[in-house]
Amino acid sequence: MDIYEDARTVSRADLAAWLRQVASQVEAGQVFYGAAGTVAVADQVECELEIEQEGPDEFSIEIEFSWTNPKATPAAEPTAEAEQPAEAESDETPAE
């Protein structure tokens, strides 16, 4: 599921400034996107750098970072004690 995407043509200097800005945000632990969106960055991040030559005069560099939100990890399995159905307790004696 895409959260945000932006594509544009910029100067080399503007690209470098944008990369520095993203790097500062990653270092701070939160990347800003769009009008008011943010995404928290985990302490450990998978990184991928891909450089391709797509034609005789065309190149691309793809940088990808991915991580798992530590708050989104599944809860621990319930203990056997928690799985047992509670026995009905009653202070009344059965009618004879």
Side-chain angles (χ1 to χ4, degrees):
M1 168 178 71
D2 287 346
I3 294 176
Y4 178 80
E5 185 173 322
D6 184 14
R8 63 179 97 174
T9 301
V10 297
S11 69
R12 186 174 54 229
D14 286 345
L15 173 61
W18 177 72
L19 289 170
R20 282 191 286 275
Q21 180 182 23
V22 171
S24 293
Q25 292 176 10
V26 167
E27 187 173 38
Q30 196 167 35
V31 174
F32 300 90
Y33 63 88
T38 61
V39 63
V41 180
D43 291 337
Q44 296 293 313
V45 178
E46 295 291 325
C47 305
E48 182 179 327
L49 174 68
E50 185 177 319
I51 302 173
E52 295 180 340
Q53 183 169 4
E54 310 208 3
D57 296 325
E58 186 177 351
F59 297 87
S60 69
I61 296 177
E62 296 178 20
I63 302 171
E64 183 176 321
F65 309 114
S66 59
W67 60 90
T68 301
N69 181 353
K71 295 178 185 173
T73 55
E77 292 291 322
T79 62
E81 190 175 282
E83 292 175 354
Q84 297 290 330
E87 292 184 24
E89 293 182 23
S90 176
D91 291 333
E92 299 177 26
T93 57
E96 293 181 19

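The model shown is predicted, which means the values in this text are computed figures rather than measured ones.
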List the residues meeting ring-ring contact (aromatic ring centres under 6.0 Å, His included) with Phe32, not counting sequence neighbours, and say none if there are none. none
Set of side chain to side chain contact (heavy atoms under 4.5 Å, CB included) partners for Val39, sequence neighbours left out: Val31, Tyr33, Trp67
Would a hydrophobic clustering, with Ile, Leu, Val, Met, Phe, Trp and Tyr connected at side-chain separations under 4.5 Å, put Phe59 with Val10? no
Going only through I, L, V, M, F, W and Y residues with side-chain contacts under 4.5 Å, is there a path from Ile3 to Phe65? yes
If you draw a 6.0 Å radius around CD in Glu27, do more than 12 non-hydrogen atoms from other residues or ligands fall strictly inside? no
Hphob cluster co-occupancy, Leu49 + Val45, side-chain heavy atoms under 4.5 angstrom: yes
Excluding sequence neighbours, so at least two apart, what forms side chain to side chain contact (heavy atoms under 4.5 Å, CB included) with Glu50? Glu48, Glu52, Glu62
Greater than 12 external heavy atoms within 6.0 Å of Asp6's CG: yes
